[in-house]
Enquirer: 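Dropping a structure here in structure tokens format, bear with me for questions.
A, B, ... follow the sequence lines: proteins, then strands. Residue 1 opens every chain.
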Amino acid sequence: MKKKLVAVLMTAAMAVSLAACGNAGTTDNTTDNTTGTTDTQTTSEETPAVPAEEVSENAPSGEVVGDTTVKVWVADAVVDFTKEQITAFQADHPEFAGFDFLVEAVGEGDAAGNMITDVTAGADIYGFAQDQLARLVAAGALEEVAPENIDALSTQNDSGAVAAAKVGNTFYAYPMTSDNGYFLYYDKSVISDPSTLEGIVADCEAAGKSIYMDLTGWYQTAFFFGTGCTMTYDSDDSGNFTAANVDYDSDKGLVALKEMIELASSSAFQPGSSAGDAVNYAAIIDGTWDAATVKAFLGDNYACAKLPTFTGSDGNTYQMSGFGGFKLLGVKPQTDADKLAVCDALALYLTSEDVQLARYNAVGWGPSNLNAQNSDAVKSDEALSALGQQLAFTIPQGQYPGDYWTRAEALAGDVQASFQTASDDDLKAALATFQADLESYAK
Amino acid sequence: MAKQSSMKRNRAIGNFFSYVVLVLISLIWLFPFVGVLLNSFRSYDPAVEYGGMVDYLIPKHFSLDNYKFILSGQTNYLKWYGNTVLIAICVAVLQTIIILCVSYALSRMRFKGRTFLMRFWLILGMFPGFLTMICLYFLLKQIGLTQAGAIPGLILVSVASSGMGYYVCKGYFDTIPKALDEAARIDGASRARVFLTMIIPMSKPIIIYTALVAFMAPWCDYIFASYIAFGHDSSYNVAVALYRWMNTGDYQGYFTRFCAGGVLVAIPVTVLFMLLQRYYVEGVTGGAVKG
Amino acid sequence: MAKEQSRKAKKNPIGEFFKDLGADIADIGTTFAKGGFRTRVSYLIMGFGQIFRGQVLRGFMYLFVEAAIICYLIFFGWDYLKKFTTLGTVETGKVGRVTVYGDNSFLILLFGILTIMAIVALIFMWRLNIRDNKKQDELLRAGKKLPGNKADWLSLFDSNFDKTLLALPVVGIFVFTVLPIVFMICVAFTNYDATHQAPSKLFTWVGFENFKNLFSFASTGFGGTFVQVLIWTIVWAFFATFIDYFLGIAVAMLINRKGVKFKKVWRTILVMTIAVPQFVSLLYVSKLFDSNGLINGTLLRLGWIKTAIPFWTNPILAKVMIIVINIWIGIPYLMLIATGLLMNIPEDLYESARIDGASPWQMFKSITLPYMFFVTGPFLLTQFTGNLNNFNVIYLLTGGAPKSGSMVGGAGKTDLLVTWLYKMTINDTNYKMAAVIGIMVFIVTAVISLVVYQMLPSVRDEEGFQ
């Protein structure tokens, strides 16, 4: 009984001591912990808790003050690869011995989202797809490329990748891959001629197989740019969009839209672009990142080709176009000059010719470095060569406001639903609103 | 006599149709679970069977590849699982304590501001929670409970606001006759004594119900938990990690592994739920009647 | 103060409030005038009077609270509070290539609110402290003895047990629920969005600008979309609540039928949906009905249909599907509840109805249903408001799709207000509009609850039950 009483008293004492803080006690904890605690320190405090993930265990030396952990976010597939490369980087650069490196698996989409939510807690170096660049710059999540690296980056990478890493005239990121485009994977046994869209659709319908194509913002440009439409945005150096150059509200635009509607009306059509979710298909418009998945599904009938041509409602034949996209590596703004130097050097290293080639060999990501692109291994890759052929017809992807992707997804929704029965006049009106909306995103 | 036999026949026909309907319902209800279970036994290895989405139900080859993959340590699955168990247990215990305290105070004691408090909490509950996520994130970050500290952070947030969920428990306390309290108090027992030695032992069903509900919630939390973990892989819970397998482009062809992971998540929760179902029913019914 | 006022809120809440406030201020004045020097010093140093009247424990508690809050204000809160009106003016800049962060509008807003809450708490404690002093003064003047420290302490487990029990939960709710909600309401009056992200950019107060945008029906205004989403939200909540309700009762009655065996088995099967996490089961169901999913695939293979049924791409069909699949989730709860309640209906009611020759349907209509409605009225209301904010079902099944160019802000045809709000927060970081939508969700929920609650037949004085 006595023991019980003591226990009760103890709990009560705890409760009361907390109660003593009363309504105000809420703030006490924060007072103690936050005065003088900067965000950078918070991150450094966290690192010791996860030694398992650290690439190296170099004890931080006294020379470097401030935060000495460089956090890297890359896609799960390349985490191990990146760790190895960083070990090599450390061997090459003994002067950075005071820094620890931490690699975490954060996919490109999540990385951009997280960086925008809280820059200070985000990674110091992170991979992302170029369509996020403007958003990241606007949110202050990207540091400009070090001036001494600009020349080398501009000459060693393909021109599309260089353009993709810039906002206005400012170089914001390190080109990592030039494979972020799409082309056609198909089943040799089903599709006799992959050069026309009509032929592919007919073969698929006859065989009861599906053709997958996404009609959202990134993919629908295959039609619009194919018929000769343009859509670009001008931006200033800090990532604000100043003007939109769109001519979707035209006869060319109508041809493209009607072709999309026709494709979507086929019983073989399925919306989608991720091979892992696709079922029973004979053709899929997808990128190199899904090559392994498609290969596993199609087996010996696996084949790749550039995007097909289509015959528009006006009787002309058009080659499907689209975006040529790139993956970039970004460095976030730093408050410490030493750490910035490390980040610059590491980002440069991770996007160098050798590492790009090694990355291709390890996980099959197509390099943006010109020398690496010309290596034999890369040239003989089936998927990458199909992408290379398609590249001649694509437009290097510039910067687009986030609203564009949202709005274009809405158009894709309409194409599969209400547009199926719409008249030409309705479609023209829809294109006019679409263009007006796209133009409204540039101020 | 004839009438009785016709009634009997009617009843038999009625029963027959009842069974038909019930079997149909059961099939519909079980179908998704069977689907997930069957998919979890389809290999992801292209040499055995294609591992992405397929449009047939029964795998051509049964294999344990997915389970081996999950448990092999190639991913942090075990760590995520452990995190979730830890969160679930802590939340279940602490949340139950808090709810019991609040319910007793509101049910048995009449103090200034009591109705105000109850109305105020009711109104608070009408605000949608998502917007507060970013705010909670920065609050937790300020005390170092994000990323590596996300697990205690998640526990703190779930426990801190749990006082508002007192309805069912208070409703139960309200049904315990006050005369019992009064009698004990006349005998000189303090409120605390009454609470600890009388009310709590009498409230086993509601304690189990409260703890069960609290225990189940963390297994499904994929939005706030991912926000707080902020890309720090080893502080994910299973829901966040599995949801990522389905929704992030980096994880193509993880569908069957997702199913296997889902099955492993469902097992403890389902077993616990089935064991304690009686208490759950009691709690839910009581809650519904009291409102 | 505010608490007292709410009790009498029935007549004229605002008038009553000011009356109380006036009385309160007058009381503070008279206490000071009448009180001894201990009481008077307590106006500045909280707890002083109590300590020197021998109530050390109580006194130190007041003193501690005062010290803690004042420390907080000086060392932390004030820095944020003084910038609260502008939300910061120092822009983030560069020194060479190194970034120097300026004011962080987000933290200024967040900790500014926290500081204001701390000040309110201090005033509240101060008032309690004065009242306490007054009480002690009066007791002493009446020649009574003050309770000792021990008695004071023990009262926390007896007459003041409520304070012990509620202290922690109340504090927790204030920091982790009230503070974020106040913060969110404030965001609705700022320009915090993708182009004004702390810490790199500042954001500031913009008044009712965002609300104007919500009710603007021009092509890029949110008005049209908001109305569409709101209507679907209400329609969804209505169907989701009532269809589940009736079907749940029906299933419960079916299982309860005399002569049906294995009652427990049937119930257990249904209850599985509660136990298995929704992100597993619903994601699977969503894939099941995809245009390339198992259902369409099987039907196509059997030749029953020529083209896939657009379960998720046709807006009408998608809405119907969501409501139908929600039945799958909703019935088990209702079945459990109804089972318990149906047994409570006195059997002789049915017996006498049967003697009068009532058909089963008539019995259901005039006995079962009225009883169920009466007993579960408040529950139905909470179900309804819960469904207004039912995130999981929509998000996991369709994610709001199909989208349409006729809607702005990334909304889709099946988006509820909450899922739309979520997308704005996560995908577009459009916090300002998300905050406005959040306030709208609150208003819709609150108005519906209030109106329906008044109409419920079973609303009785809460005390009556006990």
Enquirer: Tell me which of these, C/Gly297, C/Pro277, C/Ser159, has more heavy-atom pairs under 4.5 Å with chain B than the rest.
Expert: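 The option with the most such pairs is C/Pro277.
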
Enquirer: For the residue pair B/Pro128 and C/Gly438, what are the closest heavy atoms and their distance?
Expert: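 Scanning both residues, the minimum pair turns out to be CD-O, 3.6 Å.
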
Enquirer: Less than 4.5 Å to any heavy atom of chain C: does that hold for the side chain of B/Leu140, its backbone, both, or neither?
Expert: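 Side chain of B/Leu140 only, per the 4.5 Å heavy-atom cut-off to chain C.
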
Enquirer: Angle class for the C/Phe442/B/Phe127 ring planes (parallel below 30°, perpendicular above 60°, tilted otherwise)?
Expert: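 Taking B/Phe127 first and then C/Phe442, their aromatic rings lie parallel (interplane angle under 30°).
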
Enquirer: Applying side chain to side chain contact (heavy atoms under 4.5 Å, CB included), run through C/Asn104 and B/Phe138 and close with a yes or a no.
Expert: CA-CA 12 Å; C/Asn104 186 332; B/Phe138 279 99; 5.6 Å; no

Enquirer: Under 4.5 Å from any heavy atom of chain C, what part of B/Ile25 do you find: side chain, backbone, both or neither?
Expert: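 Contact with chain C involves the side chain of B/Ile25 alone.
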
Enquirer: What do you reckon, are the aromatic ring centroids of C/Phe279 and B/Trp245 less than 6.0 Å apart?
Expert: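 Ring centres of B/Trp245 and C/Phe279 not closer than 6.0 Å.
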
Enquirer: Could you go through C/Leu166 and B/Val102, starting from their C-alpha distance and side-chain angles, then the distance that decides it, and tell me whether this counts as side chain to side chain contact (heavy atoms under 4.5 Å, CB included)?
Expert: CA-CA 6 Å; C/Leu166 287 175; B/Val102 171; 3.9 Å; yes

Enquirer: Of the backbone (N, CA, C, O) and the side chain (C-beta and beyond), which part of B/Ile176 lies under 4.5 Å from a heavy atom of chain C, both, or neither?
Expert: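 It is neither, since no heavy atom gets under 4.5 Å.
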
Enquirer: So, B/Arg185 and C/Asp158, do they make that salt bridge, N to O below 4.0 Å?
Expert: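 A salt bridge is present here (some side-chain N lies under 4.0 Å from a carboxylate O).
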
Enquirer: Determine the option with the most heavy-atom pairs under 4.5 angstrom with chain B, choosing from C/Asn389, C/Leu421, C/Thr425.
Expert: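 With the most close heavy-atom pairs to chain B, the winner is C/Leu421.
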
Enquirer: At a heavy-atom separation under 4.5 Å, does B/Met164 approach chain C through its side chain, its backbone, both, or neither?
Expert: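 B/Met164 touches chain C through backbone and side-chain heavy atoms alike.
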
Enquirer: So for B/Val23, is it side chain, backbone, both, or neither that comes closer than 4.5 Å to the heavy atoms of chain C?
Expert: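 Looking at B/Val23, backbone and side chain both touch chain C.
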
